[in-house]
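To start, the structure under review is shown below, and the notes come after it.
The figures here come from the full heavy-atom set of this structure, side chains too, leaving out hydrogens, waters and symmetry mates.
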Amino acid sequence: MESLAQKGKIKEKVYGKQKIYFADQEQFPNVSDSELKNLDAEITELSSRLQSSQQSCRQLESELKDLSSSLTTEEMLKEISCLKEECDRHELKLTNIKSSTNHVSPEEKEKVYSDRKHFCKEWKKRKRMATDIFDAVLEGYPKSKKQFFEEVGIETDEDCSVTVPDA
């Protein structure tokens, strides 16, 4: 920078210990106001062209993304054939169900529901009894409940991700 300043290409100003370098404006030709206005107009026009080009580029990229994420014709035909086969299987199953004569009678249905309710009630009752017994044993046990269950080999409903159904 100092060599350029000595040659007169740039100017140097010293502010205390700092030096500031800047271009020597006298080496450039003077520009008239009309030329500056023409350059400003050209910049404005080029900026608007740039914005419109960027907008069309974004639109084309969006279109490309949409097209690349959609299925091809072959994939679509395969999907249609699979769906038709699945539809045929369901229609066959539906006709078999409609034509069958071994429907469940209301009495049998009521018996199944009452049995389910009874078994759920028993399940809750037995779970409560087991929990009470475990709590009684754990009162004098020095380790945690989880460690006790591991040592004894107990699997809870929660360990197996099972919940008691509503009756």
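Under the 4.5 Å side-chain heavy-atom criterion for ILVMFWY residues, no single connected hydrophobic cluster contains both Phe119 and Val112. Hydrophobic clustering (ILVMFWY, side-chain heavy atoms < 4.5 Å, transitive): Val137 and Val152 are in one cluster. By the rule that hydrophobic residues join a cluster once side-chain heavy atoms approach within less than 4.5 Å of another member, Tyr141 and Ile154 end up as members of one cluster. Following chains of ILVMFWY side-chain contacts shorter than 4.5 Å, one cannot reach Met129 starting from Trp123, and the two form parts of different hydrophobic clusters.
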* To do: Apply the test side chain to side chain donor-acceptor pair (under 3.5 Å) to residues Glu108 and Tyr113: give CA-CA distance (whole Å), side-chain angles for both, the deciding distance (0.1 Å), then the verdict.
  => CA-CA 9 Å; Glu108 291 174 333; Tyr113 280 129; over 6 Å; no
* Test log, rule side chain to side chain contact (heavy atoms under 4.5 Å, CB included), inputs Met1 and Lys19 -> CA-CA 10 Å; Met1 297 289 262; Lys19 293 181 179 182; over 6 Å; no
* Stepwise side chain to side chain contact (heavy atoms under 4.5 Å, CB included) check, Phe149 with Thr156 -> CA-CA 9 Å; Phe149 284 180; Thr156 62; 3.5 Å; yes
* **Test log, rule salt bridge (Lys or Arg N to Asp or Glu O under 4.0 Å), inputs Lys111 and Asp115** => CA-CA 6 Å; Lys111 181 173 179 352; Asp115 286 348; 3.0 Å; yes
* To do: List the steps, then state whether side chain to side chain contact (heavy atoms under 4.5 Å, CB included) holds for Met76 with Ile80.
  => CA-CA 6 Å; Met76 192 64 74; Ile80 289 172; 4.2 Å; yes
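Here the CD atom belonging to Glu63 is positioned 11.0 Å from the OG atom belonging to Ser56, to the nearest 0.5 angstrom. To the nearest 0.5 Å, atom SG of residue Cys82 and atom CG of residue Leu77 are 11.0 Å apart. The CG atom of Leu4 lies 11.5 Å from the CG atom of Asp24; values are rounded to the nearest 0.5 Å. Distance CG/Leu138 to NZ/Lys143: 12.0 Å, rounded to 0.5 Å. The distance from the CD atom of Glu79 to the CD atom of Glu74 is 14.0 Å, given to the nearest 0.5 Å. For the atom pair CG (Asn38) and OG (Ser32), the distance works out to 8.0 Å, reported to the nearest 0.5 Å.
Within 6.0 Å of OH on Tyr15 lie no more than 12 heavy atoms contributed by other residues, nucleotides or ligands. Enclosure of atom CD in Glu122 by more than 12 non-hydrogen atoms of other residues, nucleotides or ligands within 6.0 angstrom is indicated. Around CG of Asn30, the count of heavy atoms belonging to other residues, nucleotides or ligands within 6.0 Å does not exceed 12. Within 6.0 Å of atom CD in Gln59, 12 or fewer heavy atoms from other residues, nucleotides or ligands are found, so the atom counts as exposed in its surroundings. Within a 6.0 Å sphere centred on CD of Glu45, other residues, nucleotides and ligands contribute more than 12 heavy atoms. Within a 6.0 Å sphere centred on CZ of Arg126, other residues, nucleotides and ligands contribute 12 heavy atoms or fewer.
Judged by distance alone, with hydrogens and angles left aside, the side-chain atoms of Ser53 form a donor-acceptor pair with the main-chain N or O of Arg49 at under 3.5 Å. Between the Gln147 side chain and the Ser144 main chain, a donor and an acceptor come within less than 3.5 Å of each other.
Leu94 has its side chain out of reach of His90: every pair of non-hydrogen atoms, C-beta onward, lies at least 4.5 Å apart. Looking at heavy atoms from C-beta onward, Glu86 lies in side-chain contact with Arg89 at the 4.5 angstrom threshold. Side-chain contact between Phe22 and Glu12: absent, with no pair of heavy atoms (C-beta onward) separated by less than 4.5 Å.
Applying the salt bridge (charged side-chain N to carboxylate O under 4.0 Å, His left out) rule to Glu75 yields no partners; only residues at least two apart in sequence or on another chain are considered.
With salt bridges taken as basic N to acidic carboxylate O contacts below 4.0 Å, none links Lys84 and Asp88. Between Lys127 and Glu158 there is a salt bridge, since a side-chain N of the basic residue sits under 4.0 Å from a carboxylate O of the acidic one.
Nearest heavy-atom pair across Val14 and Gly16 is CG1-O, 3.4 Å.
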